[in-house]
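Taking it in order: structure first as structure tokens, then the write-up.
Computed from a prediction, not measured in an experiment: that's the story for all the values here. All chains are named by letter (A, B, ...) in the order of the sequence lines, taking the proteins before the strands, and each is independently numbered beginning at 1.
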Amino acid sequence: MKKVLGIPFFSRPVLQVAPDLLGKFLVRRSGRHEVFSMITETEAYDGERDLACHARNGKTLRNEPLYERAGTIYVYFTYGMHWMLNVVTGEKGYPAAVLIRGLEDVTGPARLTKKFDIDKRLNKKKLGKISGLWIEDRGVVVKKCDIKKTPRIGVHYAGIWAQKSYRFVLSRK
DNA sequence: GCAGTGATCATA
DNA sequence: ATGATCACTGCC
């Protein structure tokens, strides 16, 4: 059973969507090539008050996709060489998103965008067959006890927000 | 452990 | 206009 996740899935609060994405499949189709892999690591970024979120200083040219509707793709470039993939969640106008940090066979957020050919072309597009990037439920059951919660990676600057357990990892079994 | 790499944004 | 910063990676 394969079900493409739609707007209702992503319209929920980011702290629900982020753990729920574990065990789902990221699918990329460009041309006649298709790659997919199970999501194993995510992080939540939750609004302007979240000092680790790109929206911490309000809307800017870069973070504008965060304010779009749920299911919008937010891809940004960092460290002069890496692309990061995020999926916007929650109410339109509320800047929150899930960072896809790892897949079953690709650990590392910049490695997975490289392998899946994800870059600025996908920024601001919507998840789905039209953009060529979407997420499927393939029936993998993830038990709550298989999800490990930890602080987010690389957000030391975020004060108290750096401590929060907004990172979700699927423990291998 | 740390260099590489360049867009972005706050500050001025 | 400028400089610090950066949701990272790969090689030392």
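Put simply, A:H82 has no side-chain N or O that comes within less than 4.0 Å of OP1 or OP2 on B:dT5. Under 4.0 angstrom from either OP1 or OP2 of C:dA7 there lies no side-chain N or O belonging to A:Y166.
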Could you go step by step and tell me if A:S37 and A:L112 meet the side-chain contact (heavy atoms from CB on, under 4.5 Å) rule?
-> CA-CA 10 Å; A:S37 185; A:L112 74 89; over 6 Å; no
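When side chains are defined from C-beta on, A:H54 counts as touching A:R56, because their heavy atoms get closer than 4.5 Å.
Within a 6.0 Å radius of NZ in A:K114, no more than 12 heavy atoms belonging to other residues, nucleotides or ligands are found. Counting heavy-atom neighbours within 6.0 Å of A:F36 CZ, excluding the residue itself, gives a total of 12 or less. Heavy atoms from other residues, nucleotides or ligands lying under 6.0 Å from CD of A:E91 number 12 at most.
A donor-acceptor pair under 3.5 Å links the side-chain atoms of A:S131 to the main chain of A:K126, judged by distance alone.
Between the NZ atom of A:K115 and the P atom of C:dG10 there is a distance of 13 Å, given to the nearest Å. At whole-Å resolution of the value, CZ in A:F77 and P in B:dC9 are 14 Å apart. As rounded to whole Å, 9 Å separates atom C1' of C:dT5 from atom NE2 of A:H156. Nucleotide B:dC9 holds its P atom 14 Å from the CD atom of A:E48, rounded to whole Å. The separation between A:I153 atom CD1 and C:dT9 atom P is 10 Å, rounded to whole Å. The distance between atom CH2 of A:W83 and atom C1' of C:dC6, rounded to the nearest whole Å, is 14 Å. One atom, CD of A:E64, and another, P of B:dT8, lie 13 Å apart when rounded to the nearest Å. Rounded to a whole Å, the OH atom of A:Y76 is 12 Å from the P atom of B:dC9.
Within residues 56-63 of chain A, no residue has a heavy atom under 4.0 Å from DNA chain C.
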Watson-Crick and G-U pairing of DNA chain C, under 3.5 Å, as dot-bracket with | and [ ] | ||||||.||||.
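Note: A:F77 and A:W83 have tilted aromatic rings, judged against thresholds of 30 and 60 degrees for the angle between ring planes.
Across the interface with DNA chain C, nearest-nucleotide mapping of A:R111 and A:L85 shows A:L85 to be the residue nearer the 5′ end.
A:M84 comes within contact range of the sugar-phosphate backbone alone, with a heavy-atom separation under 4.0 Å but no base atom that close. Among the atoms of the strands shown, only primed sugar atoms or phosphate atoms (P, OP1, OP2) are found under 4.0 Å from some heavy atom of A:A110.
In this structure, A:Y45 packs face-to-face on the six-membered ring of C:dA7, meeting both the 5.5 Å centre cutoff and the 30° plane limit.
Salt-bridge formation is detected for the pair A:D20/A:R12: a Lys NZ or Arg NE/NH1/NH2 atom is positioned less than 4.0 Å from an Asp or Glu carboxylate oxygen.
Between A:E41 and the choices A:K148, A:R167, A:R152, A:R111, the salt bridge (Lys or Arg N to Asp or Glu O under 4.0 Å) rule is met once, by A:R167.
Relative to the side chain of A:M81, the nucleotides C:dG10, C:dC6, B:dG4 differ in distance, and B:dG4 lies closest.
Remark: A:R138 is positioned above the aromatic ring of A:F25, its terminal NZ or CZ atom under 6.0 angstrom from the ring centre and at most 45 degrees off the axis.
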